[in-house]
Amino acid sequence: MMEFHENQARKPFSGLVMLYHYFRRKAVNRQTVRRLRELSPEQLRDIGLSKHDISHWE
């Protein structure tokens with residue numbers, strides 16, 4: 001006779017979790033780009049970036 005736990009799906013929500021992480025990562029990336037665009041060229045240079053670098057992430 002099969003035990004109860006043997007009949008359950010291993011990771012039933014793994015696809016939903018992957019979608020959540022994908023969209024969360026996109027939201028964080030958009031927020032990062034938005035914050036970087038607010039910085040002056042001098043501030044960007046201090047962290048080793050330029051406005052041109054930021055445009056590649058959009």
Side-chain angles (χ1 to χ4, degrees):
M1 181 167 188
M2 272 184 21
E3 297 288 327
F4 176 75
H5 69 277
E6 292 175 326
N7 199 21
Q8 289 182 328
R10 297 269 183 227
K11 295 182 180 178
F13 299 107
S14 63
L16 292 176
V17 171
M18 288 172 56
L19 277 173
Y20 168 79
H21 287 295
Y22 171 79
F23 286 111
R24 181 69 186 133
R25 191 169 45 250
K26 295 292 269 181
V28 168
N29 286 346
R30 281 192 308 272
Q31 182 182 21
T32 301
V33 168
R34 197 168 35 245
R35 295 281 172 93
L36 287 171
R37 291 175 88 202
E38 294 172 356
L39 298 178
S40 70
E42 293 79 22
Q43 291 170 317
L44 287 171
R45 190 173 43 246
D46 286 344
I47 59 174
L49 296 173
S50 68
K51 294 279 184 187
H52 180 70
D53 296 327
I54 297 169
S55 66
H56 288 291
W57 296 336
E58 296 181 287

Side chain to side chain, L44 and I54, heavy atoms closer than 4.5 Å: yes

Minimum-distance pair of heavy atoms, taken over all atoms of K51 and R37: NZ-O, 3.1 Å

Under 4.5 Å side-chain linkage, directly or through intermediates, the cluster mates of Y20: none

Approximate separation, where rounding is to 0.5 Å, of I47 CD1 and L36 CG: 5.5 Å

Set of side-chain contact (heavy atoms from CB on, under 4.5 Å) partners for L19, sequence neighbours left out: F23

Of all pairs that satisfy salt bridge (Lys or Arg N to Asp or Glu O under 4.0 Å), the ones with a partner from residues 12-36, not counting sequence neighbours: none

